[in-house]
Amino acid sequence: MRAFVYHQPKTVAEAVRLLAQRDTLAIAGGQDLLGAMKDGLLEPAHLVNLKSLPGMREIRETGSGLQIGVLVTLTEIAEHPVIRRDYTCLAEAAEAVATPQIRNVGTIGGNLCQRPRCWYFRDPHVNCLKKGGDQCYAVRGDNRYHAIISPGPCYIVHPSDCAPALLALGASVTIAGARGTRNVALRNFFQMPDKNLRGENVLQPGEVITQITVPKPKAGTRSVYVKVREKDSFDWALVSAAVVLQVSGGVCRAASVVLGGVAPVPYESAEAGKALVGKAVNQQTAAAAGKAATTNATPLEMNGYKVPMLEAVVKRAVLAAAGLTG
Amino acid sequence: MEDDRKNLPPEPPEDVNTSRRTFLRNLGVSTALASLLSSGAVLEERRARKAQAETLQHASQAQSAEIRGKSRITLNVNGAAHTLEVETRVTLLDALRDQLGFTGTKRVCDRGSCGACTVLLDGKPVYSCSMLAVDAQGRRIETVESLAQGEQLHPLQQAFIERDALMCGFCTPGFIMSLKALLDQVPRPTLEQAKQACAGNVCRCGTYNRIFEAAMEASRRMRSGG
């Protein structure tokens, strides 16, 4: 690991000033960053320790929902009684991240901002498109874990479990920068590679997420996160789905279906949502939602298996959110 | 590994700048906390938490600091304060093994994937390979060396031997620390909970079933008084 100067800012203003400097990265739990630094994938000369900032470790309930400090750990989210009860898909997603050891240190902010796991991107000897190279090696290479929904030219999948859950719950992030703060809906936070090839989101150098705001779900809302992985004890998603359903009088009034493991962003399937709204949730409509979720899927050579898997995961998640079983 | 708290506080080395000095002053607070914690059994956890909150408060009132090159830090390991000099890039794992001699904590993947480096931080399992040593100041660190009391093995260690829960043994300290964290919190875990507690530990010899048997056996013994 390259040596670095370790900055301990005491205010957000100080942190963003430092982060605007060259060769500087933010570190929170460091569970993704330190590995990337050991591999030589990232070689910052300066690290800004967000853990030195006060007031970012709380989960606050407000009349309109939740405010989650960016340094709250994944364990704290998974165990929080209100999140488990009212924002269930978020607790389930946090619990599905990595291992107990990583969840005890890894933060919600880091989970949203972690870099992709694409093995070409992670290989320090491969200069892929995302690192300024001239091609995406996944297109003709071993693409078994890659995206089935992407505008190109890069086929990573977004690695976060919490991102689909938060997006489905309508969350937004507060971003601090040199010119003050801005609020960005998570829906607009993540970017496809045709918009942003080198990064995965709208954060600019010198910007940092300080807080996540989750609106209070309407009465009759239930949510579920379903994740399928190759190794059940510890793995990123092959396919996952966060489903938030609002049901009253036996009819689905609102539905949000957000997919993980299939696209370079947490992918909101408007088609799956439409298949549910205005209908009773049952085996048939859940299966239709699963089918609809695959509408835009165009698999690569080795990841065709993700299409039927996606269909099954969405169906299972919809049924579970409705209190039914598949 | 003698406790060299008495040697503190040091004069900052000549090559440091003012902000480093500020940082070292802040460290004094963490050191005080570590000393408090080192009285271990005497100190109620509530008091520790209060002290920690005060440390944070002091830290937040202080000016921003930066650490360049090597800095002197104090780590509270197994109830004793240890002072050492580390570069910012040194992980807790390497500080424990290479500088403090706690070689029970194993270095295998060094990427937060295998669990051999698991230690407890304030009672919770973490990968020591994926944490900077400077960030572990003011926290209560437990390694596998803390378990045996003289010749008296911890029930988990005894159960691992009796249930033949290891082959090469390299992953064993990590599994034992993950399971200790579980049993400290959940004295009567289900088999499923024991498995989940070990989800971040890998045994390439494949002794998982014996490890889970040993965990359940240790739980029984600890509840019946050893």
Side-chain angles (χ1 to χ4, degrees), chain A residues 1-15 17-18 24 27-39 43-57 73 75-76 78-79 95-106 122 229 231-235, chain B residues 17 19-20 22-23 26 56-57 59-71 86-94 109-115 117-132 134-136 174 177-178 181-182 195-202 208:
Chain A
M1 195 191 303
R2 180 184 172 189
F4 56 87
V5 179
Y6 202 24
H7 299 268
Q8 314 285 329
K10 298 300 173 210
T11 64
V12 172
E14 176 76 4
R17 189 187 64 72
L18 290 163
T24 304
I27 182 168
Q31 298 303 283
D32 184 28
L33 182 63
L34 290 176
M37 286 169 64
K38 288 177 189 179
D39 286 337
E43 297 189 303
H46 298 262
L47 280 188
V48 178
N49 183 14
L50 302 180
K51 295 186 293 297
S52 64
L53 298 172
M56 297 209 180
R57 294 168 191 272
T73 67
T75 298
E76 288 162 347
E79 292 178 351
E95 196 158 25
V97 175
T99 64
Q101 288 93 325
I102 288 176
R103 295 194 292 273
N104 283 336
V105 180
R122 289 276 164 176
R229 44 195 149 175
K231 186 174 78 167
D232 211 27
S233 58
F234 171 18
D235 218 337
Chain B
N17 53 34
S19 56
R20 165 98 178 270
T22 315
F23 182 78
N26 296 342
L56 288 174
Q57 204 182 347
S60 66
Q61 286 163 356
Q63 283 184 336
S64 298
E66 65 179 44
I67 317 171
R68 282 177 189 271
K70 281 191 173 181
S71 66
V86 291
E87 279 191 71
T88 52
R89 60 179 160 176
V90 171
T91 60
L92 175 59
L93 169 64
D94 290 344
C109 77
D110 199 29
R111 293 293 185 283
S113 296
C114 76
C117 70
T118 301
V119 300
L120 306 191
L121 198 73
D122 296 333
K124 289 184 175 174
V126 304
Y127 293 137
S128 60
C129 77
S130 299
M131 169 162 295
L132 297 173
V134 293
D135 281 348
M177 294 316 285
S178 288
L182 172 72
K195 288 182 179 179
Q196 282 172 7
C198 296
N201 295 78
V202 173
Y208 293 102

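Within every chain, numbering begins at 1; the chains are lettered A, B, ... in the order of the sequence lines, protein sequences first and strands thereafter.
Note: D135(B) leads T91(B), D135(B), L121(B) in heavy-atom pairs under 4.5 Å with chain A. Comparing A181(B), S113(B), G69(B) by heavy-atom pairs within less than 4.5 Å of chain A, the highest count is held by S113(B).
Note that CZ of F4(A) is 12.5 Å distant from CD of E66(B), once rounded to the nearest 0.5 Å. To the nearest 0.5 Å, the span separating CG on D232(A) from NZ on K195(B) amounts to 11.0 Å. Note that the NE2 atom of H7(A) and the CZ atom of R68(B) stand 6.5 Å from one another [nearest 0.5 Å].
Across every non-hydrogen atom of G200(B) and P100(A), the tightest pair is N-CD, 3.9 Å. When all heavy atoms are compared, the tightest approach of K38(A) to C129(B) is NZ-O, 2.6 Å.
In this structure, the side chains of L34(A) and M131(B) stay at 4.5 Å or more apart for every pair of heavy atoms. Between Q101(A) and S130(B) there is no side-chain heavy-atom pair separated by less than 4.5 Å.
The part of T118(B) that comes within reach of chain A is its side chain, from C-beta onward, which places non-hydrogen atoms under 4.5 angstrom from that chain. Interface residue D110(B): backbone and side-chain heavy atoms are both found under 4.5 Å from chain A. Using a 4.5 Å cut-off between heavy atoms, L132(B) contacts chain A through both its backbone and its side chain. The part of N49(A) that comes within reach of chain B is its side chain, from C-beta onward, which places non-hydrogen atoms under 4.5 angstrom from that chain. Heavy-atom distances place no part of R103(A) under 4.5 Å from chain B, backbone and side chain included. At a 4.5 Å heavy-atom cutoff, the contact between A197(B) and chain A is made by backbone atoms alone. Interface remark: V5(A) contributes backbone and side-chain atoms alike to the contact with chain B (heavy atom separation under 4.5 Å). Looking at C198(B), neither its backbone nor its side chain comes within 4.5 Å of chain A, counting heavy atoms on both sides.
Side-chain atoms of Y6(A) and S71(B) include no donor-acceptor pair closer than 3.5 Å.
E14(A) meets the side-chain contact (heavy atoms from CB on, under 4.5 Å) test with P9(A), T11(A), R17(A), L18(A), S64(B); sequence neighbours excluded. In this view, F234(A) satisfies the ring pair (Phe, Tyr, Trp, His ring centres under 6.0 Å) rule with no residue, not counting sequence neighbours.
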